[in-house]
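Values below: every heavy atom of this structure, side chains too, minus hydrogens, waters and symmetry copies. Just so you know, ligand 1 is whichever comes first in the structure, and atom 1 is the first atom listed for that ligand.
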Amino acid sequence: MTTGQPLIQAKGLVKRFGDFVAVDGIDVEVQAGEAFGFLGPNGAGKSSTMRMIGCVSPPTDGELRILGLDPRREGPAIRGQLGVCPQLDNLDPELTVRENLTTYARYFGIPRRVARRRADELLDFVQLTERADHKVEPLSGGMKRRLTIARALVNEPRMVLLDEPTTGLDPQARHLVWERLFRLKQQGVTLVLTTHYMDEAEQLCDRLVVMDGGRIVAEGAPRDLITRYSTREVVELRFSTESQQDFAGKLAGLGERIEVLPDRILLYVPDGDAAVAQVHERALRPEGVLVRRSSLEDVFLHLTGRTLIE
Ligand code: ADP
Ligand code: MG
């Protein structure tokens with residue numbers, strides 16, 4: 001991570017829609033070369049934030065500088081140096097795969113010949129070369145997303161904004177997108193992404209903020225957040241015969257924290273196997289036992305009392 005001028009500098013950033021506060025005074029700094037994430041459930045204010053960063057939605061209040069420039073006055077100059085992959089694909093279904101890139105390149109004043117060469121390189125990068133002359137419409141969701149990512153790279157942006165890059169994709173398609181994004185990150189491209197998938201945030205982000213209800217509730221590297229807000233391991237217990245709450249009482253004193261969810265009890269402990277042994281010593285016989293490492297999902301649960309995907 002370099003410590004030059006931040007590419008994103010937000011202070012007290014607010015977005016209101018009428019009386020409704022979608023983004024409630026957030027502070028964010030993103031440095032060149034970082035992969036930075038906004039993690040939060042639906043409605044947290046991630047897209048509203050991204051749209052302000054992408055200079056397509058003016059901030060209601062607060063300070064915002066993108067690439068050192070003021071989005072209120074220098075929107076076009078900023079947008080020319082950004083790559084944007086919106087939450088919903090907005091490819092042109094009338095055009096072929098390659099034309100979607102070359103046409104987009106024209107908005108940036110990129111000469112036709114350069115655009116053509118860049119389009120072919122990018123199609124190779126997102127593994128769509130064979131589809132170059134096909135129309136967009138029959139492409140799978142994963143292919144469309146990869147094409148949208150390629151399109152976001154046409155102007156050789158300093159920073160790429162990705163709003164929920166893998167939402168709606170099947171696991172295989174997700175992994176392919178992750179792999180390409182990881183490659184971009186290795187090339188030094190600054191990535192800013194939103195997601196409600198904790199595994200995506202853990203895989204891709206050097207640093208992230210956890211958002212809920214328009215506010216930032218935590219900030220840090222994924223591992224650091226887990227260390228700060230959770231234990232090393234989690235024991236998931238499923239009981240069937242009695243209500244979970246009764247069992248929760250009988251588990252008192254085991255672990256640093258207990259979360260009772262509708263379908264399972266989470267026991268936050270340093271050592272999962274040792275805790276399972278203690279559960280058995282109390283003559284409790286759960287139907288299901290799973291010992292796992294803590295994740296960002298546990299961080300979110302601890303901070304908000306809710307799960308990320310409800
Ligand atoms: P996320 O991307 O985290 O799901 P959004 O930024 O899309 O969250 O939305 C945050 C909140 O703001 C939601 O409650 C949403 O309904 C509301 N919202 C978003 N866009 C608008 C809009 N154009 N008009 C009114 N309310 C909006
Ligand atoms: Mg969104």
Side-chain angles (χ1 to χ4, degrees), residues 8 10-30 35-64 66 71-72 75 78-79 82-91 141-142 144-146 148-149 151-152 159-170 173-174 177-178 181 191-205 207-220 222 225 295-297 299-310:
I8 299 176
K11 235 179 161 173
L13 186 63
V14 173
K15 184 72 192 186
R16 276 194 291 270
F17 298 104
D19 290 340
F20 183 79
V21 185
V23 179
D24 195 3
I26 63 169
D27 298 346
V28 170
E29 269 198 17
V30 176
F36 183 88
F38 292 90
L39 173 69
N42 272 333
K46 305 181 299 294
S47 294
S48 301
T49 302
M50 282 298 242
R51 290 167 51 78
M52 289 191 277
I53 295 170
C55 306
V56 290
S57 159
T60 313
D61 206 353
E63 292 167 34
L64 182 63
I66 307 297
R72 291 177 178 94
I78 299 168
R79 284 195 298 271
L82 295 182
V84 178
C85 184
Q87 187 166 347
L88 297 173
D89 288 321
N90 55 356
L91 298 162
K144 283 183 185 161
R145 196 54 58 89
R146 270 149 44 211
T148 306
I149 291 169
R151 193 187 61 179
M159 176 162 75
V160 182
L161 310 180
L162 303 131
D163 196 355
E164 309 241 3
T166 68
T167 295
L169 302 188
D170 63 54
R174 289 181 82 195
V177 168
W178 283 353
L181 293 180
L191 298 181
V192 178
L193 63 101
T194 76
T195 185
H196 64 272
Y197 296 122
M198 50 99 185
D199 50 347
E200 181 156 286
E202 267 180 65
Q203 292 248 0
L204 292 176
C205 299
R207 202 159 62 81
L208 58 91
V209 289
V210 180
M211 273 189 94
D212 189 39
R215 294 169 190 261
I216 290 174
V217 294
E219 184 256 308
L225 287 172
S295 72
L296 286 172
E297 181 79 42
V299 171
F300 189 80
L301 187 62
H302 189 184
L303 289 167
T304 69
R306 292 181 293 114
T307 50
L308 267 169
I309 302 167
E310 292 175 290

Visitor: Among all protein non-hydrogen atoms, which one is nearest to atom 10 (C) of ligand 1, and what is the separation to 0.1 Å?
Guide: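 Closest protein heavy atom to atom 10 (C) of ligand 1: Gly43 O, 3.5 Å.
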
Visitor: Heavy-atom contacts with Ser47 under 4.0 Å: which atoms of ligand 1 show up? List them by number with element.
Guide: 1 (P), 2 (O), 6 (O), 7 (O)

Visitor: Ignoring hydrogens and angles, tell me if any N or O in the side chain of Glu202 forms a donor-acceptor pair with the backbone of Pro222 under 3.5 Å.
Guide: no

Visitor: Considering all protein heavy atoms, does one lie under 4.0 Å from atom 5 (P) of ligand 1?
Guide: yes

Visitor: Check each of Val23, Val210, Thr49, Val28 against Ile216 using the side-chain contact (heavy atoms from CB on, under 4.5 Å) test, and report the only one that passes.
Guide: Val28

Visitor: Counting non-hydrogen protein atoms only, what is the nearest one to atom 8 (O) of ligand 1? Give residue, atom name and distance.
Guide: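 Minimum-distance protein heavy atom for atom 8 (O) of ligand 1 reads Gly45 N, 3.2 Å.
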
Visitor: Could you measure the distance from the CG atom of Leu13 to the CG atom of Asp24? Nearest 0.5 Å is fine.
Guide: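 Result: 10.5 Å between the selected atoms.
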
Visitor: Report the angle formed at the Mg ion (ligand 2) by atom OE1 of Gln87 and atom OG of Ser47, rounding to the nearest 10°.
Guide: 80°

Visitor: Could you grab the distance from atom CD1 of Ile66 to atom CG of Leu161, nearest 0.5 Å is fine?
Guide: 8.0 Å

Visitor: Identify the protein heavy atom lying closest to atom 15 (C) of ligand 1, giving its residue, its atom name and the separation to 0.1 Å.
Guide: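 In this structure, atom 15 (C) of ligand 1 has Phe20 CE2, 4.6 Å as its nearest protein heavy atom.
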
Visitor: Measure the distance from atom 19 (C) of ligand 1 to every protein heavy atom, then report the residue, atom name and distance (to 0.1 Å) of the closest one.
Guide: Phe17 CE1, 3.6 Å

Visitor: Give the atoms of ligand 1, by number and element, whose distance to some non-hydrogen atom of Asn42 is under 4.0 Å.
Guide: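 Every atom of ligand 1 under 4.0 Å from some heavy atom of Asn42: 4 (O).
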
Visitor: Less than 4.0 Å is my threshold; does some heavy atom of Gly40 fall inside it relative to ligand 1?
Guide: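 Judged by the 4.0 Å heavy-atom criterion, Gly40 does not count as contacting ligand 1.
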
Visitor: Using heavy atoms and a 4.0 Å limit, tell me yes or no: is Pro41 in contact with ligand 1?
Guide: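 It does, in that a heavy atom of Pro41 comes within the 4.0 Å cut-off of ligand 1.
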
Visitor: Would the distance check show the side chain of Thr194 and the main-chain N or O of Glu164 forming a donor-acceptor pair, the cut-off being under 3.5 Å?
Guide: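 Side chain of Thr194 to backbone of Glu164, a donor-acceptor pair under 3.5 Å: yes, one is there.
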
Visitor: Quick one: nearest non-hydrogen protein atom to atom 9 (O) of ligand 1, plus distance?
Guide: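 The closest heavy atom on the protein side is Ser48 OG, 3.9 Å.
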
Visitor: Does the Arg145 side chain pair with the main chain of Pro165, one donor and one acceptor, at a distance under 3.5 Å?
Guide: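 Confirmed, Arg145 side chain pairs with Pro165 backbone.
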
Visitor: For ligand 1, find out whether one of its N or O atoms is nearer than 3.5 Å to an N or O atom of Ala22.
Guide: no

Visitor: Report the distance from atom NE2 of His196 to atom CD of Glu297, rounding to the nearest 0.5 Å.
Guide: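 Result: 10.0 Å between the selected atoms.
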
Visitor: What are the atoms of ligand 1, with element, lying closer than 4.0 Å to any heavy atom of Ala44?
Guide: 1 (P), 3 (O), 8 (O)

Visitor: Ligand 1 and Thr49, any nitrogen or oxygen pair closer than 3.5 angstrom?
Guide: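 No.
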
Visitor: Look up atom 22 (C) of ligand 1 and tell me if a protein heavy atom lies less than 4.0 Å from it?
Guide: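 Yes; the ligand atom in question has protein heavy-atom contact below 4.0 Å.
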
Visitor: Please tell me if the side chains of Val30 and Ile53 come closer than 4.5 Å, counting only heavy atoms from C-beta onward.
Guide: no

Visitor: Quick one: does any side-chain atom of Lys15 pair with a main-chain N or O of Pro58 as donor and acceptor, under 3.5 Å?
Guide: yes

Visitor: Using 4.0 Å as the upper bound for N to carboxylate O, is an ion pair formed by Asp163 and Lys46?
Guide: no

